[in-house]
J.: 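Before I ask anything, here is the structure I am working with.
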Amino acid sequence: MEFTSLLFLIFVSLTVIVRAFLPKKAAAGFLLLVNLVFYCAYSVYAAVFMLLFSLVCYLIGGFLEKKKAFPILAAAIAGITGLYFILRYSPLLSQLLTSLTGLRLELVFPLGFSYCMFKCIGYLADIYLEQGKQAKNFVHFAAYTLYFAEISMGPLTRAGEFLPQLENGGEKLTKERFSYGFSMLLFGLFKKLVFADRLAILIAPYYQNVSSMDSGFGWFLILIGYCMQLYLDFSGYTDMAVGISKMLGFETRHNFNAPMISQTMSEYWRRWHISLSSWLSDYVFTPLQFKLRGLGKYTSAVAAVLTLTLSGLWHDLSGNYLIWGIITGLFVAIDSLLAKKRKKLSKKMPKQLFKWGSIAITFVINLFVLVFPRAYTVGDAFSIIASVFAKPWSLSVVNTELLVVLLLSIIVSILSQKIELSRDRYAAKFAAAPAVLRCLCYYVLIFAVILFAAANSDLIGGFIYAQF
């Protein structure tokens, strides 16, 4: 049941309608039922497995609340992460087992297990650190861990934020909540289907054959195209998840806060995939800082490299993602080491020049860093980077449609990030707008989504982050 499918939209519509008429005390049970229906649409096995996994984590949480035993927490985290790697890379393990013993082992990686894993580890760690408490009951916990709107790609809402809402039954559907949620849902679909998927179609051939583009400027535009595709694809999904949650009466974390105006790579990671970045900061980076405190001024730098290298390995064990994680970590580490010098430089330069110069440099750095996760091989990635500088900067060889779609995508990205900076203000203005104007906006977005979904029906892919 893809998020962009008509079946999913019907599923969401029915869920919102039924939820609007239910009493608050039935919210958690209804949400769990909806989650299981969503899972069963993919696989009954996945639904049963995820339910059992959540049950085990819930029971461990209850034990930790009674007895703060670090060995139990450490064993639980090791077991959860070990299970993740076994399931995530079961094809590789199966090949190894078959080659050594002749036996075949086929395991299925359940949809959304990555984010369920993060939720459970954070939940257990919070109980141990007394920063959170055991869920009221298993129904509440399972409704949280298996929440269908977040499970495949986030956002990664913390237990301490979501469980209290379930205990209170969430909020009832109002005109303001519907306006906010429905507009977010449509805007997310609009970004994904109209722009992200079209960009994906236009730039994919160049990555499949890196010698097909003979212009350094052309490759630079393609790199911008992938950056826009990734942002519009992922933020589009997040908008949908937040919008659905809003209509169901729940608040979830926003995942983006205008990342393209970041002045450093450190700031970029505070603005991009915020829920995962903050999770890594709280549960990986901060503990590493504590363990490595003897390194003095290099403590944060080393912790940043290790954290983002682990993030790269979480995305995939391939060399591309490992290099992406290491390089990203190094740039964040450099930010840490040069923070004082940047502050001094900012006082010597005109404020706006320093700001926009920093934004431009960070944006370009990120373009080249993103080559690695997008390219098919490490060799292709380095070849693309070399082509940007070595090949002539000619515009004549660039596809005209790519230029037009890229320009429109940049405009939509700017609009999207402007909204991200003042969500509540724009939501209030939109809800207060005349009904005719709101309906006109809905119709335009719906028409564009249907038109492009039909035009690209044979070529549209899933969300980029769904693979993780």
J.: Hey, would you say the Phe430 and Tyr442 ring centroids sit under 6.0 Å apart?
T.: yes

J.: How about Phe331 and Tyr268: are their ring centres within less than 6.0 Å of each other?
T.: no

J.: Aromatic ring centroids of Trp314 and Phe118 under 6.0 Å?
T.: yes

J.: Say whether, by atom type as modelled, one donor and one acceptor occur between the side chain of Arg253 and the main chain of Pro155 under 3.5 angstrom.
T.: no

J.: Just by distance, do the side chain of Ser54 and the backbone of Met50 share a donor-acceptor pair under 3.5 Å?
T.: yes

J.: Judged by modelled atom types alone, do Asn35 and Tyr144 share a side-chain donor-acceptor pair under 3.5 Å?
T.: no

J.: Do Lys172 side-chain atoms and Ala20 backbone N/O form a donor-acceptor pair below 3.5 Å?
T.: yes

J.: Cut-off 3.5 Å, side chains only: do Thr252 and Tyr147 have a donor facing an acceptor?
T.: no

J.: Applying the side chain to side chain donor-acceptor pair (under 3.5 Å) criterion to Tyr231, which one of Ser413, Ser416, Ser409 satisfies it?
T.: Ser416

J.: Do Gln289 and Ser300 have side-chain N/O donor and acceptor atoms under 3.5 Å apart?
T.: yes

J.: Look only at the side chain of Arg271 and the backbone of Met260, and say whether a donor-acceptor pair between them is shorter than 3.5 Å.
T.: no

J.: For Glu65 and Gln134, indicate whether the former's side chain and the latter's backbone hold a donor-acceptor pair under 3.5 Å.
T.: yes

